[in-house]
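What follows is one structure encoded as C-alpha cells, with my remarks underneath.
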Amino acid sequence: MPGEDMDRRKERMKSDCKKIMESINAMCFENLNDEQVHSLVMMREIARGVVNNRVEKVTAGDVKKALSSSIEKMVDSCRDVVNILGRLSCDGLGEEEVEKVLRMKEIAMGIVSKRPRVVTMLGCEPSELGDGADDDDTSDKDVWSGGVETELRNEDGQPELMESPVYGVTHTSNGLVQIGGLGAERTMVEDKYAEMEAVSKNEDGWNELGGSVFEATVDTGHEEQIGRVEGLMFEDDCLVVVADEFESEDCQGEVQKSLSSSTFQHSLSWPLDDRITLEWVQGMMSALEQSPVDFQSVLSVSVVDKLIDTATSILCKEPNCVAVDCHGEDSRVVVVGDIRGQFRDLLNLFEHAGFPSDKQFYVFNGNYVDRGSRGLDVFLVLLAWKVLMPCRVYLLRGNHESKYCTSVLGFEVEVETKFGNQGEYVYNKCLDCFKELPLASIIANCVYTTHGGLFRSMCATSLRRSKRKREERLELGSLQDLSKVQRSLIDAPDEGPNIILTDVLWSDPSKEDGLVEKSFRERGLWWGPECTEDFLKQSNLKLIIRSHEGPDVRADQDEFGDMLSGYSLDHVGESGKLYTLFSASDYPQLDEKRYNNEGVYALLEPPNLEFPSFYSLKAVGRTKVDPCVVDAADKDLVVVGEPDLGLMVSWF
C-alpha cells in the first residue's frame, strides 16, 4: 500500500542518514579547511534532523551548537581520563612509561582546565582564508590541520611570538600558533581520548595556563610532523577547533558566550616523582594570577598537603640563622620585607626583580599573611620556590606567622573561605610549617636580616615578665644565643628560656640608647643605636635589614621616617647601618584607610653588600576586595575579625 511504501522509504532514509552521521563521525579532519569542515558538520546536522524527525531548517547556529557540544563531551571525557590517571600507580614502571603517563595526564588536564578560545569561520571563500587554506597549497606559513589554528596578536593587532611563563617559547607563523601532534607516541585511552594542544591569551597578554603547549615541531618516532592533529571523536560528535574569527557576528557572540560560561580553572597535580620543576612553579603562579573564585580548582587539598610537607621537611633542617653564600661577583641578593597577603605585590616583585636563579638569591623577612586577602597564595608560591631552589630562596619567620595573629587578623578566615570544611586541616598544616621557618639570615658574612630585630642575652636575665620595672639590666644577645632558641613554638612566649623568639619577631628600634622591654601589653624590646653598633661589631657585620613596621605604625612616630617610601634608615654607626624595609604597597589592602605607600625591595650586590640599593614597587592594579574573600553565593564580603587596635598598635 502507498502508506506502507512511504513509511518504508522514511525508515530507509533514516537508516541512510544514520550511516551518513556515522561516516562523518569516523572521518579524519586532517588537511581540511574551515569551509570543508563546516560543510561536513552541516551535512551531519541535516542527517541528524532526518533521523530525529526534525522539521526545522538547519542553521549556522546549529553547527555552532554541535561544535560546542563536542567540546563539552571532550572535556567530560578528558576529566574521566584525569581521574583514571590520578588513581594509577606508577610503581614498577620504567622511566619512559612514567613519562608517557605524565604526558597523557598533562594533555587531558590541559583540555579540562582551560579550553582554547575557538570559533569558526562560516561561509567564507577559500581565498579569504589566506595561505594554506587550499587543499593543495599547504605551506609552512600557515599550517592547516583539520582547521586547527589559534592566533595570538599583540595590542596593535600584529602577530607576535609569545613567551609562555609556564612552558617557555611558543612558536608561531605569522601569528598563528602551530599545534603539534604526538604522532606515533599518541596514547589513546579506551579509544575515546585524543590530544589537543592550544594556547590562548588573557587580557594581560600572558599565555593562559592550561592547554598542553608544545613546540610546533614534534619528534614522532623517526620523522617530524608539523601541526598535524587527528580528528577528535567523541560518541556521535566530532570536535573541530577552528580559526579565530566568525564571519557571522551573531555566531561569534553565541559561541563566545557558550565558551566563556563554562571555562575551567587549571588544576595542578603533584608530580609523580615528587620533584617540582620551574614550569610547575610558574604554572602555579600563572593559574593563581587569574584570581580563581574556586581556589581548589587550582590547588587541591592533596597538592597543598604535599607542597607544605615537602617544604617543611626542608625548612626544619635549616638553622635558626641561615647562611646565604653569595660571594660570586655576578651574584646578587634580593631582600624582601612584609608582603601581608598582597599577592599582586609578589607577582610585581618577580616581574620587576626577576625570578630566583643560580645567580639571584632571595631572602624574605616574614609576614607573608594577614591584612590581605591572598596570604595563602603568597605563602604557597614562596614554599614552591623554596622547594624548587632551597639554596637560593630563604624564608624567614615574621610575627604574623603564628596562631595568635592569624586567628584574629584574617589568615584563618581566608583559608577556611578557600577550602571550606577542609579549611581547618589546611590552616593547621600552615601553622606546622610556620614553626619551622628560620629566624634570621647572614648574607655573605656581611649583612644580617630578620623580621623584628635584636634580642636579649639569656645570661643573667630575668625569665619572667612583670608589670614592675626590672631591677637587672638587659644584655644584648649574640648569634650564639640565637642559635640555641627553640623556634618550633607556634606562638612566641612571654617568658622562659625561649623569650628570645619573641624578641626576634616583635622588637623595634628606638632613637634612644639602651635595651629595654616594651610596656606590659606589648611584646619584644626597644633597642637603641648603640645596641646596633655593638651587635654589628661583635658579629663582624656591616648592615642590618629588618622589617615588621609599616606606614600605619610609623605614621604616629616622630623619631623615624613615615615609611611611605617603603624603607627607612634608622641607625647609622661606625660599624654600619640599620634599615627597616616594607614591601606591601598601598597598605593595607582590606582596610578602608590606605597609606598609598610604595612597596620596596633591597638589592645587595658584591663586593659592596653593605651599600644596598632600594627599588620601589608601585601599587599594582587590584580590586579593593579580592574574589577569594567574596562568598560565591551572595557576593557578600567575608568579614575578617580583628582585635582591639588600641591593644595591637605595636604588632604591625
Side-chain angles (χ1 to χ4, degrees), residues 155 162-166 201-209 278 281-292 298 332-357 360-386 388-389 392-395 398 400 414 545 547 550-551 563-567 581-591 594-604 612-629:
E155 294 179 356
M162 290 296 299
E163 181 174 353
S164 169
V166 183
K201 260 176 59 176
N202 62 22
E203 59 185 7
D204 297 322
W206 285 63
N207 290 354
E208 289 186 347
L209 176 66
L278 176 62
V281 177
Q282 291 177 321
M284 173 185 180
M285 293 174 60
S286 180
L288 291 175
E289 186 181 8
Q290 310 305 316
S291 301
V298 174
R332 64 183 200 168
V333 182
V334 177
V335 182
V336 186
D338 296 34
I339 300 177
R340 304 285 184 97
Q342 297 186 183
F343 185 61
R344 295 290 176 180
D345 285 330
L346 179 63
L347 297 179
N348 196 24
L349 166 69
F350 284 135
E351 181 179 354
H352 193 277
F355 290 134
S357 66
Q360 176 151 298
F361 297 73
Y362 269 87
V363 177
F364 292 86
N365 274 353
N367 274 15
Y368 313 108
V369 302
D370 286 338
R371 293 292 190 185
S373 64
R374 305 192 65 181
L376 184 61
D377 307 49
V378 170
F379 188 57
L380 293 179
V381 164
L382 292 181
L383 289 184
W385 279 110
K386 180 64 180 179
L388 179 67
M389 309 187 76
R392 292 297 181 270
V393 176
Y394 294 91
L395 307 179
H400 281 257
E414 177 195 344
I545 300 179
S547 299
M563 292 298 293
L564 294 180
S565 62
Y567 73 101
L581 179 67
F582 195 78
S583 300
S585 64
D586 194 19
Y587 177 80
Q589 182 190 40
L590 293 182
D591 285 6
R594 293 192 184 183
Y595 287 86
N596 195 31
N597 63 289
E598 298 178 13
V600 166
Y601 67 89
L603 183 63
L604 310 177
S613 300
F614 295 93
Y615 292 88
S616 172
L617 298 171
K618 298 290 186 179
V620 293
R622 62 174 182 264
T623 55
K624 290 185 178 180
V625 179
D626 193 275
C628 288
V629 296

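Using a 4.5 Å heavy-atom threshold, the side chains of V281 and F355 count as separate. Residues F364 and L349 form a side-chain contact, since some pair of their non-hydrogen atoms from C-beta on lies under 4.5 Å apart. At least one side-chain heavy atom of N365 sits under 4.5 Å from a side-chain heavy atom of V335. L380 is not listed as a side-chain neighbour of L288, based on a closest heavy-atom distance of 4.5 Å or more. Contact of the V363 side chain with the V333 side chain is registered, since non-hydrogen atoms from C-beta on lie closer than 4.5 Å. Here the side chains of N596 and L564 are not in contact, with every heavy-atom distance at 4.5 Å or above. The shortest distance between side-chain heavy atoms of P588 and R340 does not fall below 4.5 Å. Counting only heavy atoms from C-beta outward, the side chains of V378 and D345 never approach each other to under 4.5 Å.
With hydrogens and angles ignored, the 3.5 Å screen pairs no side-chain donor or acceptor of N597 with any backbone N or O of M563. Looking only at distances, a side-chain donor or acceptor of S547 sits under 3.5 Å from a matching main-chain atom of L581.
Taking every heavy atom of both residues into account, V298 and P292 meet most closely at CG2-CG, 3.6 Å. Nearest heavy atom pair, residue V600 against residue S565, reads CG2-O, 3.0 Å. Annotation for S583 and G337: closest pair OG-N, 2.8 Å, computed over non-hydrogen atoms. Contact record, M284 with V381: CE-N, 3.7 Å, taken as the closest heavy-atom pair. E598 and S616 make their closest contact through OE1-OG, 2.5 Å (heavy atoms, listed as atom of the first residue, atom of the second, distance).
In this view, D370 and H400 satisfy the side-chain hydrogen bond (donor to acceptor under 3.5 Å, both in side chains) rule, not counting sequence neighbours. Remark: Y362 engages no residue in a side-chain hydrogen bond (donor to acceptor under 3.5 Å, both in side chains) (not counting sequence neighbours). For R332, the side-chain hydrogen bond (donor to acceptor under 3.5 Å, both in side chains) partners two or more places apart in sequence, or in a different chain, are Q360.
For the atom pair CG of N348 and CD of Q342, the computed distance is 11.5 Å after rounding to the nearest 0.5 Å. Taking CD of E414 as the reference point, atom CZ of R374 lies at 9.0 Å (rounded to 0.5 Å). Note that CG of D586 is 13.0 Å distant from CG of L617, once rounded to the nearest 0.5 Å. Taking CG from D377 and CD1 from I339, the interatomic distance works out to 11.5 Å, rounded to the nearest 0.5 Å. Rounding to the nearest 0.5 angstrom, the gap separating the NZ atom in K386 from the CZ atom in R392 is 11.0 Å. Rounding to the nearest 0.5 Å gives a distance of 5.5 Å between CD1 of I545 and CZ of F614.
Taking a 6.0 Å sphere around CZ of F343, one finds it holds more than 12 heavy atoms contributed by other residues, nucleotides or ligands.
Remark: the R344 side chain and the S585 side chain contain no N/O donor-acceptor pair separated by less than 3.5 Å.
For W385 and F350, the ring centers are positioned less than 6.0 Å apart.
By the 30° and 60° cut-offs, the orientation of the rings of Y615 relative to H352 is tilted.
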